[in-house]
Amino acid sequence: MVEKAIAIAIEQGFSHVGRLDVTKLEFLQEVRDMCAADRCHMYNKSWMCPPGCGELSDSVSKAEKYTEGIIVQTTGVLDDVFDYDEMKSIGTRHMQEFKVLRKTLYDDYPSLLALGSGACKVCEQCSYPLNPCRFPDEAIPSMEAYGLFVSKVCEDNGIGYYYGEGTITYTSCILLS
């Protein structure tokens, strides 16, 4: 069943695609604690980031329902390793492609759980905390919001994480049942 999802992701053009063994996922409070350090400036600003996305136990409960999944990555080569705009552009492209993949897979896997790279960007300004999420069916929490240490998820599933000097890679996953 997961083979079809992998084939679609490859056809869509992700740089790297692999099978995700959901039994190897470790939901770590330490990762959620890193969110609280607010290095990405999204902590307490979004329904899809902590604390708006709920407790770590909520994430574990949601993810436990899934039996398989896929990991997708977009790797870009940087002309200048300090060019933040280029890094951001590659990340934006990754998330645009990831949203298309999620929408494509939804017909076959209507209960899928998509975990993206970085904070949800469906809305220019999140309604958190005053009003409910405006687009709960489109919103995408990050892997980190679920307490997943991305490099470890990749390692545990035989997927690379670092592809050499002058590259940047964005990683997301989709859990399937």
Side-chain angles (χ1 to χ4, degrees), residues 1-28 31 34-35 39-42 46 48-49 53 59 63 66-123 137-177:
M1 191 156 126
V2 74
E3 290 79 15
K4 181 177 181 182
I6 289 172
I8 291 169
I10 291 169
E11 184 177 305
Q12 192 173 320
F14 284 94
S15 305
H16 313 279
V17 179
R19 179 183 300 269
L20 175 68
D21 182 346
V22 297
T23 66
K24 292 183 178 180
L25 294 178
E26 294 180 59
F27 302 89
L28 305 171
V31 175
M34 285 190 274
C35 289
R39 289 189 180 135
C40 74
H41 309 292
M42 289 305 295
S46 169
M48 296 298 115
C49 289
C53 63
S59 299
Y66 296 90
T67 57
E68 56 189 349
I70 63 170
I71 299 174
V72 296
Q73 295 178 322
T74 301
T75 299
V77 177
L78 302 168
D79 294 327
D80 175 357
V81 295
F82 298 106
D83 187 341
Y84 177 73
D85 290 334
E86 189 176 17
M87 291 177 204
K88 189 174 172 182
S89 174
I90 295 165
T92 298
R93 180 173 46 110
H94 172 76
M95 284 309 294
Q96 289 170 340
E97 291 173 1
F98 187 64
K99 288 176 186 176
V100 170
L101 176 64
R102 181 184 66 172
K103 190 173 188 172
T104 302
L105 294 179
Y106 187 78
D107 288 339
D108 290 325
Y109 310 95
S111 63
L112 64 77
L113 175 60
L115 301 175
S117 176
C120 180
K121 298 278 194 268
V122 171
C123 300
D137 293 337
E138 295 177 36
I140 300 174
S142 69
M143 291 176 70
E144 293 88 354
Y146 265 64
L148 299 173
F149 194 56
V150 178
S151 62
K152 179 143 179 40
V153 172
C154 293
E155 179 184 318
D156 289 347
N157 287 279
I159 300 290
Y161 180 74
Y162 177 68
Y163 294 97
E165 190 174 325
T167 66
I168 189 165
T169 299
Y170 293 88
T171 304
S172 299
C173 64
I174 297 181
L175 281 60
L176 308 166
S177 56

A.B. asks: Compare all side-chain heavy atoms of S117 with those of M95 and state whether any distance is below 4.5 angstrom.
C.D. replies: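 Side chain of S117 against side chain of M95, heavy atoms only: contact under 4.5 Å found.
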A.B. asks: Taking Y66 for its side chain and S111 for its backbone only, find out whether a donor-acceptor pair lies under 3.5 Å.
C.D. replies: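 Pair found, side chain donor or acceptor close to backbone of S111.
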A.B. asks: Y109 and I174: side chain to side chain contact (heavy atoms under 4.5 Å, CB included), yes or no, with the steps?
C.D. replies: CA-CA 10 Å; Y109 310 95; I174 297 181; over 6 Å; no
A.B. asks: Which heavy atom of C120 sits nearest a heavy atom of A139, and at what distance?
C.D. replies: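 In this case the closest contact between C120 and A139 is SG-CA, 3.7 Å.
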A.B. asks: How close do P141 and Y146 get, counting heavy atoms only, and between which atoms?
C.D. replies: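 P141 and Y146 have their closest heavy atoms at CG-CE1, 3.7 Å.
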A.B. asks: Hey, what do you get for CD (E3) to CD1 (I8), rounding to the nearest 0.5 Å?
C.D. replies: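 Here the interatomic distance stands at 12.0 Å.
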A.B. asks: Closest heavy-atom contact between V2 and R19?
C.D. replies: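 In terms of heavy atoms, the two residues are closest at CG1-NH1, 2.7 Å.
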A.B. asks: To the closest 0.5 Å, what do you measure between CD1 (I140) and OG (S172)?
C.D. replies: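 It comes to 7.5 Å.
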A.B. asks: Quick one: CD1 on I70 to CG on N157, what's the gap to the nearest 0.5 Å?
C.D. replies: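 It comes to 12.0 Å.
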A.B. asks: Can you give the donor-acceptor pairs under 3.5 Å from side chains of residues 71-81 to other protein atoms, not counting sequence neighbours?
C.D. replies:
{"from": "Q73", "atom 1": "OE1", "to": "Y163", "atom 2": "OH", "distance (Å)": "2.6"}
{"from": "Q73", "atom 1": "NE2", "to": "G160", "atom 2": "O", "distance (Å)": "2.9"}
{"from": "Q73", "atom 1": "NE2", "to": "T171", "atom 2": "OG1", "distance (Å)": "3.1"}
{"from": "T74", "atom 1": "OG1", "to": "H94", "atom 2": "ND1", "distance (Å)": "2.7"}
{"from": "T75", "atom 1": "OG1", "to": "H16", "atom 2": "NE2", "distance (Å)": "3.2"}
{"from": "T75", "atom 1": "OG1", "to": "T169", "atom 2": "OG1", "distance (Å)": "2.8"}
{"from": "D80", "atom 1": "OD1", "to": "F82", "atom 2": "N", "distance (Å)": "2.9"}

A.B. asks: Would you please test V153 and L20 for side chain to side chain contact (heavy atoms under 4.5 Å, CB included) and show each step?
C.D. replies: CA-CA 8 Å; V153 172; L20 175 68; 3.8 Å; yes
A.B. asks: From L25 CG over to S59 OG, what is the distance, rounded to the nearest 0.5 angstrom?
C.D. replies: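 L25 CG to S59 OG: 11.5 Å, rounded to 0.5 Å.
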A.B. asks: Is the shortest heavy-atom distance from the side chain of D108 to the side chain of L176 under 4.5 Å?
C.D. replies: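 D108 does not reach L176 side chain to side chain.
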A.B. asks: If I compare all heavy atoms of G118 with all of S142, which pair ends up nearest, and what's the gap?
C.D. replies: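 So the minimum-distance heavy-atom pair works out to O-CB, 3.2 Å.
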A.B. asks: With L175 as reference, evaluate L115, T67, L112 under the side chain to side chain contact (heavy atoms under 4.5 Å, CB included) test and give the passing residue.
C.D. replies: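 Going through L115, T67, L112 one by one, the side chain to side chain contact (heavy atoms under 4.5 Å, CB included) with L175 is satisfied by L115 alone.
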A.B. asks: State, to 0.1 Å, how close F27 and A63 come at their nearest heavy-atom pair, and which atoms those are.
C.D. replies: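 What the structure gives for the nearest pair is CZ-CB, 3.4 Å.
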A.B. asks: Please say which of M34, M143, E144 ends up in a side chain to side chain contact (heavy atoms under 4.5 Å, CB included) with F149.
C.D. replies: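 Between F149 and the candidates, side chain to side chain contact (heavy atoms under 4.5 Å, CB included) is satisfied uniquely by M34.
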A.B. asks: In Å, rounded to the nearest 0.5 Å, how long is the span from OG1 of T104 to NZ of K4?
C.D. replies: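 T104 atom OG1 to K4 atom NZ measures 10.5 Å (nearest 0.5 Å).
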A.B. asks: Would you find a donor on one side and an acceptor on the other, under 3.5 Å apart, between the side chain of E97 and the backbone of Q12?
C.D. replies: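 Not at all, since once roles are kept as given, no pair shorter than 3.5 Å links the two residues.
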A.B. asks: Just verifying a value: how many Å separate E138 CD and K99 NZ, rounded to the nearest 0.5 Å?
C.D. replies: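 If we round to the nearest 0.5 Å, E138:CD and K99:NZ are 8.0 Å apart.
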